[in-house]
Amino acid sequence: MTASAGRHIVVLTGAGISKESGLSTFRDADGIWAEVRIEDVATPDAFARDPAGVHQFYNTRRRRLAGGDIRPNAAHVALANLERAWPANVTVVTQNIDDLHERAGSRNLVHMHGELLKVRCSACGAVVPCTDSVGTEELCGECGTKGAIRPHVVWFGEMPLELDRIDAALDACATFVSIGTSGNVYPAAGFVDRVRSRSHVHAVELNLEPSEGAGRFGETVYGPATEVVPAFVARLLGALG
């Protein structure tokens with residue numbers, strides 16, 4: 001079964017889609033959480049306890065992402081092409097905080113876990129672009145508060161962003177595609193159950209290997225994202241005639 005023309009598509013992407021661009025995943029044996037503890041860099045308590053250390057962690061990742069060596073890969077490009085060519089809406093919901101979907105050309109995009117190349121003021125809520133390092137002495141350009149700037153990233157214990165927009169897209173979709181996700185981070189891991197409650201929705205997993213929720217998908221394809229995602233998109237677009 002494949003998506004029919006004129007029917008909405010929602011694509012969920014995780015760290016696996018960016019791995020072939022040179023970005024580390026989080027939960028692999030050699031991933032980010034094997035090198036640092038979540039409790040030290042990815043919780044509100046960590047930032048309250050050691051803001052300088054948390055900033056250093058994200059500054060390093062931000063500089064690498066903005067440095068020019070990390071580029072979109074064929075999977076990112078294929079999804080951008082799908083959005084341009086598909087007759088109905090294609091919404092990409094990403095758990096990733098990189099900007100590779102944007103650089104590939106995706107526009108109908110939701111960053112549910114925030115964006116590394118932005119910072120937010122805890123005092124006034126202002127969100128601004130940032131490609132440089134940030135420290136504890138930083139002043140908010142909007143309200144002038146000192147030390148309130150933090151990464152615009154959703155930490156463990158915080159609510160993901162734009163859930164209303166995501167819920168509306170899931171409720172409207174006829175095809176749901178999960179790419180490069182582990183299937184154990186909620187609420188994203190529960191999206192497939194939400195769409196499966198409607199019998200006409202086709203759920204597809206494209207992944208390097210089966211996720212924890214692989215059995216809940218009607219179609220599964222496994223292999224590198226740069227191979228399976230372009231092939232899947234080509235099949236969808238080829239069916240348009």
Side-chain angles (χ1 to χ4, degrees), residues 1-21 23 71-113 115 160-181 183 187-208 211 213-214 216-241:
M1 179 179 178
T2 59
S4 301
R7 307 185 77 184
H8 299 337
I9 300 173
V10 171
V11 180
L12 171 68
T13 65
I17 198 173
S18 295
K19 185 174 183 178
E20 291 175 81
S21 291
L23 292 176
R71 299 180 180 88
N73 62 49
H76 298 104
V77 173
L79 293 180
N81 291 339
L82 178 63
E83 181 184 328
R84 283 191 291 267
W86 192 250
N89 286 342
V90 176
T91 302
V92 175
V93 178
T94 186
Q95 297 171 279
N96 300 335
I97 60 174
D98 62 60
D99 66 338
L100 298 183
H101 282 301
E102 291 94 327
R103 282 198 255 162
S106 291
R107 295 294 174 261
N108 192 20
L109 178 66
V110 183
H111 276 279
M112 65 180 297
H113 290 165
E115 300 175 64
L161 306 176
E162 298 196 72
L163 288 179
D164 288 345
R165 181 181 170 194
I166 294 170
D167 286 345
L170 292 172
D171 287 344
C173 80
T175 300
F176 173 73
V177 187
S178 177
I179 302 173
T181 66
F191 290 171
V192 64
D193 293 321
R194 183 185 180 105
V195 300
R196 277 191 350 138
S197 65
R198 306 197 318 278
S199 60
H200 68 279
V201 178
H202 184 48
V204 183
E205 175 168 276
L206 308 178
N207 217 351
L208 186 61
S211 71
R216 294 178 284 175
F217 290 86
E219 177 182 353
T220 56
V221 182
Y222 299 114
T226 54
E227 296 176 12
V228 299
V229 177
F232 180 77
V233 169
R235 175 156 60 93
L236 289 184
L237 296 181
L240 294 177

- request: Kindly indicate whether the side chain of H76, heavy atoms from C-beta on, has any atom under 4.5 Å from the side chain of S18.
  value: yes
Between OG1 on residue T94 and CG on residue L12, distance to nearest 0.5 Å: 7.5 Å
task: Calculate, to the nearest 0.5 Å, the distance between atoms OG1 and CG belonging to T181 and N96 respectively.
output: 10.0 Å
Test item: side-chain donor near acceptor, E205 and S211, under 3.5 Å: yes
message: Tell me the closest heavy-atom pair linking I9 and V177, and the distance in Å.
response: CG2-CG2, 4.4 Å
- prompt: Looking only at heavy atoms, what is the nearest atom pair of P224 and L208, with distance?
  reply: N-CD1, 3.8 Å
message: Test your reading of the model: is there a side-chain donor-acceptor pair from W86 to the backbone of R7, 3.5 Å cut-off?
response: yes
Distance in Å, E20 CD paired with N73 CG, rounded so as to fall on 0.5 Å steps: 5.5 Å
- prompt: How far apart are the closest heavy atoms of A225 and G16, and which atoms are they?
  reply: CB-O, 4.1 Å
message: On a heavy-atom basis, which atom in V229 and which in A78 lie closest, and how many Å separate them?
response: CG1-CB, 4.2 Å
query: Does H113 use its side chain to pair, donor to acceptor, with the backbone of I97 at less than 3.5 Å?
result: no
task: Measure from the side-chain N and O atoms of N89 to the backbone N and O of H8, and report whether any donor-acceptor pair falls under 3.5 Å.
output: no
Exercise: identify the closest heavy-atom pair between P230 and A74: CG-O, 3.7 Å
task: Indicate yes or no: at least one non-hydrogen side-chain atom of S178 is less than 4.5 angstrom from one of V192.
output: no
- prompt: side-chain contact (heavy atoms from CB on, under 4.5 Å) between E83 and L109: does it pass, once the steps are laid out?
  reply: CA-CA 10 Å; E83 181 184 328; L109 178 66; over 6 Å; no
- request: Answer yes when D98 and R103 have at least one side-chain N-carboxylate O distance shorter than 4.0 Å, and no when they do not.
  value: no
field: Heavy-atom side-chain contact between I17 and L79 under 4.5 Å
entry: yes
task: For the pair V10 and V195, evaluate side-chain contact (heavy atoms from CB on, under 4.5 Å) and give the outcome as yes or no after the intermediate values.
output: CA-CA 10 Å; V10 171; V195 300; over 6 Å; no
Sequence-distant partners of E162, side chain to side chain donor-acceptor pair (under 3.5 Å), two or more places apart: R165
Nearest heavy-atom neighbours spanning G183 and A189: O-CB, 3.4 Å
- prompt: Within a strict 4.5 Å, meaning less than it, do heavy atoms of the Q95 and P160 side chains meet?
  reply: no
- prompt: Taking only residues two or more places apart in sequence, or in another chain, which ones meet R198 in a side chain to side chain donor-acceptor pair (under 3.5 Å)?
  reply: none
N108 backbone acceptor or donor facing T91 side chain under 3.5 Å: no
message: For the CG atom of D193 and the CG atom of L170, what is their distance to the nearest 0.5 Å?
response: 11.5 Å
- request: For the residue pair F191 and F176, categorise the inter-ring angle as parallel (less than 30°), tilted (30 to 60°) or perpendicular (more than 60°).
  value: perpendicular
- prompt: Are any non-hydrogen side-chain atoms of T175 and L236 less than 4.5 angstrom apart?
  reply: no
- prompt: Do side-chain atoms of R84 reach the backbone of S106 as a donor and acceptor pair under 3.5 angstrom?
  reply: no
message: As a quick check of understanding, evaluate side-chain contact (heavy atoms from CB on, under 4.5 Å) for L100 and L23, giving each step before the final call.
response: CA-CA 10 Å; L100 298 183; L23 292 176; 4.0 Å; yes
task: Mark yes or no for whether N207, through its side chain, and I179, through its backbone, hold a donor-acceptor pair below 3.5 Å.
output: no
task: List for me each residue that meets ring-ring contact (aromatic ring centres under 6.0 Å, His included) alongside H111, sequence neighbours excluded, and say none if there are none.
output: none
